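Since the model is a prediction, treat every value here as computed from it, not as a measurement. Residues: numbered from 1 along the sequence shown.
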Amino acid sequence: MTIIGFVWYWNSQDRSVNPNPNYEQTIKELEQQNDSLLAINQGLQEQIAEQLEKQEGIKEELKKRNKDLEQLKYRKSEKIRAIGNYDNDELYRFFAEFKTDSLHHSE
């Protein structure tokens, strides 16, 4: 019986009455805020795209530099191997070409 009474009361309420008397004004304000947020979002999307483009450029530069470093390491190891294969006379000639500056060592 209580349930039937509740259903009858709920159906008898006038739902056409708007709880917010400024309903249309509120809708307009919310639409303006939504448009403003969409414009801000568009600007942020453009900034994200620019940052992603910069990131790709940085990644490419990093790959290039890593490749250069690997080439330098390879050349260094080749030189070390070559020096390691020198005999005594070749080692003497190799190190005889080095010049040292003794002025800085006397201080």
Side-chain angles (χ1 to χ4, degrees):
M1 187 69 165
T2 306
I3 295 174
I4 294 173
F6 177 74
V7 171
W8 174 78
Y9 174 77
W10 190 68
N11 283 334
S12 67
Q13 293 295 319
D14 185 13
R15 290 187 207 98
S16 64
V17 176
N18 189 356
N20 186 351
N22 298 326
Y23 177 76
E24 289 185 23
Q25 180 63 28
T26 303
I27 293 294
K28 287 180 184 178
E29 289 173 2
L30 290 174
E31 286 175 347
Q32 289 173 349
Q33 287 178 354
N34 190 39
D35 291 342
S36 174
L37 290 173
L38 287 173
I40 291 170
N41 189 41
Q42 179 64 32
L44 292 174
Q45 290 293 337
E46 290 171 2
Q47 288 179 359
I48 289 171
E50 289 174 11
Q51 293 300 320
L52 288 173
E53 188 176 317
K54 287 179 184 178
Q55 179 184 13
E56 287 302 316
I58 291 170
K59 282 181 181 179
E60 290 300 318
E61 182 66 24
L62 185 59
K63 285 179 186 178
K64 181 180 178 266
R65 290 188 183 206
N66 281 337
K67 184 179 177 182
D68 291 345
L69 283 173
E70 290 301 319
Q71 289 175 347
L72 288 172
K73 287 178 185 178
Y74 178 77
R75 284 191 281 180
K76 177 183 164 188
S77 67
E78 287 296 314
K79 288 179 181 179
I80 291 172
R81 265 189 242 134
I83 293 171
N85 293 331
Y86 285 176
D87 63 15
N88 288 342
D89 290 334
E90 290 172 318
L91 283 173
Y92 178 77
R93 279 181 287 194
F94 177 78
F95 286 108
E97 293 178 13
F98 281 104
K99 305 275 190 247
T100 59
D101 184 8
S102 62
L103 295 177
H104 295 292
H105 298 290
S106 63
E107 292 178 9

* Going by heavy atoms in the side chains, are I27 and E24 under 4.5 Å from each other? -> no
* Determine, stepwise, if the pair K64 / K67 fulfils side-chain contact (heavy atoms from CB on, under 4.5 Å). => CA-CA 5 Å; K64 181 180 178 266; K67 184 179 177 182; 5.7 Å; no
* Asked: So how far is it from N85 CG to I80 CD1, rounded to the nearest 0.5 Å?
  -> 12.0 Å
Enumerate donor-acceptor pairs with a distance under 3.5 Å from any side-chain N or O in residues 28-51 to protein atoms, sequence neighbours excluded.
unit_1	atom_1	unit_2	atom_2	d
E29	OE2	Q25	NE2	3.2
Q42	NE2	E46	OE2	3.4

* Looking at E78 and R75, does any basic side-chain N land under 4.0 Å from a carboxylate oxygen? -> no
* To do: Kindly write out the residues that satisfy side chain to side chain contact (heavy atoms under 4.5 Å, CB included) with K59, not counting sequence neighbours, or none if the list is empty.
  => Q55, E56
* **Side chain proximity check, I83 to Y86, heavy atoms < 4.5 angstrom** => yes
* Spatial distance of atom NZ (K76) from atom CG (L69) [nearest 0.5 Å] -> 11.5 Å
